[in-house]
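Some notes on the structure that comes next.
Excluded from the calculations below are hydrogen atoms, water molecules and symmetry mates; all remaining heavy atoms, backbone and side chain alike, are included. We count ligands from 1, going down the list as the structure has it; atoms in each ligand are counted the same way.
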Amino acid sequence: MKKIQISPSILGVKKDCLSLVCNQLIKAQSDLIHFDVMDGVFVNNKSFVDDEISLVSSLVSHKIIDVHLMCKDLKYYIPQYANEKVKYISIHYEAVDNLSLIYYSDIIRSLNIHPGIVINPETDVIEIIPLLNCFDLVLVMSVHPGLGGQVFIESSLDKIKFLYDYRKNNNLKFVIEVDGGINAETSKKCIESGTDILVSGSYIIKSDDYKKQIESLKQYERDLY
Ligand code: DX5
Ligand code: ZN
């Protein structure tokens, strides 16, 4: 039986606190660690471009890192973030054309990492249908990328439901992840709509009890598929 997974986002964590926070997340039985890379081009902000990936990778014992590339220059960024502790590398549908997305999904897979595709709030989920068989994960952005601590966009739930039904009806195997504004209330709606992985930044990291927060996000969990 598979369960809902939680991927805490460490976006807001300063470099000198990364090792403490990651160790605590592992202790709190975090399923994944969500690692937000911002290039200052695809989004205005910059994050984790100074080799923090090596530090975080050295702190974890298994394939647990969930890399979210908010980046335009995928040729440069994908190899920088590929290592044996990285389980997923997700790239934005809006960053490059469809042929390049397929090309990069193959590159990521050849590095023994699961490729994921991300859609922004203004992107219609219908647009990624032709790409779904190339990716192992679909990440639905429920806030505009570039910043933690924003409010959940409710229309994301329709995208999650659509993906859940489409996967079932077409015998596909990708997992559905949602990112932005996830707390105890929005997690319930996302789980009911068909999400498999919940990314959550401020709700977990700003608390002094990671385990309690992670458990509260899982309280409505159901079997996957
Ligand atoms: C936003 C990032 C998110 C963010 C989530 O661009 O992709 O992963 O850190 O943070 P919260 O949970 O605070 O919305
Ligand atoms: Zn993210």
Considering residues, nucleotides and ligands other than D97, do more than 12 of their heavy atoms fall under 6.0 Å from its CG? yes

L147 contact mode with ligand 1 (heavy-atom cut-off under 4.0 Å): backbone

Does the N or O separation between G181 and ligand 1 drop below 3.5 Å for any pair? yes

So is there a nitrogen or oxygen of S200 less than 3.5 Å from a nitrogen or oxygen in ligand 1? no

What atoms of ligand 1 come within less than 4.0 Å of a heavy atom belonging to H34? 8 (O)

Closest heavy-atom pair and its distance - T186, G181: OG1-O, 2.9 Å

With respect to M141, determine whether any N or O atom, backbone or side chain, lies less than 3.5 Å from an N or O atom of ligand 1. no

Which ligand 1 atoms, with their elements, are less than 4.0 angstrom from a heavy-atom of G180? 14 (O)

List every atom of ligand 1 that sits less than 4.0 Å from any heavy atom of S202, numbering the atoms from 1 in the order shown and giving each element. 11 (P), 12 (O), 13 (O)

Can you name the atoms of ligand 1, numbered from 1 with element, that are less than 4.0 Å from a heavy atom of H68? 7 (O)

Nearest protein heavy-atom contact for atom 6 (O) of ligand 1: which residue, which atom, what distance? G146 N, 2.8 Å

Are the side chains of H114 and V175 in contact, using a 4.5 Å heavy-atom criterion? no

Among the N, O or S atoms of D36, which one sits nearest to the Zn ion (ligand 2)? OD1

Could you go step by step and tell me if I182 and Y203 meet the side chain to side chain contact (heavy atoms under 4.5 Å, CB included) rule? CA-CA 7 Å; I182 299 297; Y203 179 73; over 6 Å; no

Enumerated ligand 1 atoms positioned under 4.0 Å from heavy atoms of G148: 10 (O), 13 (O)

Counting heavy atoms not belonging to E185, are there more than 12 under 6.0 Å from its CD? no

T195 side chain vs I197 backbone, donor-acceptor pair below 3.5 Å: no

Which of the atoms of ligand 1 are close to P145, meaning less than 4.0 Å from one of its heavy atoms? 6 (O)

All heavy atoms of G194 vs all of I176, minimum pair found to be O-CD1, 3.7 Å

Spell out, as yes or no, whether a donor-acceptor pair under 3.5 Å connects the side chain of D39 to the backbone of K72. yes

Whether over 12 other heavy atoms sit under 6.0 Å from K15 NZ: yes

Out of L11, V143, D179, who is nearest to atom 7 (O) of ligand 1 when you count heavy atoms only? D179

Can you pull out the closest protein heavy atom to atom 9 (O) of ligand 1? Residue, atom name and distance to 0.1 Å, please. S9 OG, 2.9 Å

Short N or O distance, D36 and ligand 1, threshold 3.5 Å exclusive: yes

Metal-centred angle, OD2 of D179 through the Zn ion (ligand 2) to ND1 of H68, rounded to 10 degrees: 100°

For atom 12 (O) of ligand 1, what's the nearest protein heavy atom and its distance? G201 N, 2.7 Å

Ligand 1 and V199, any nitrogen or oxygen pair closer than 3.5 angstrom? no

Crowded around N44 CG? As in, over 12 foreign heavy atoms under 6.0 Å? no

Parallel, tilted or perpendicular: which describes the rings of F42 and H92, with under 30° parallel and over 60° perpendicular? tilted

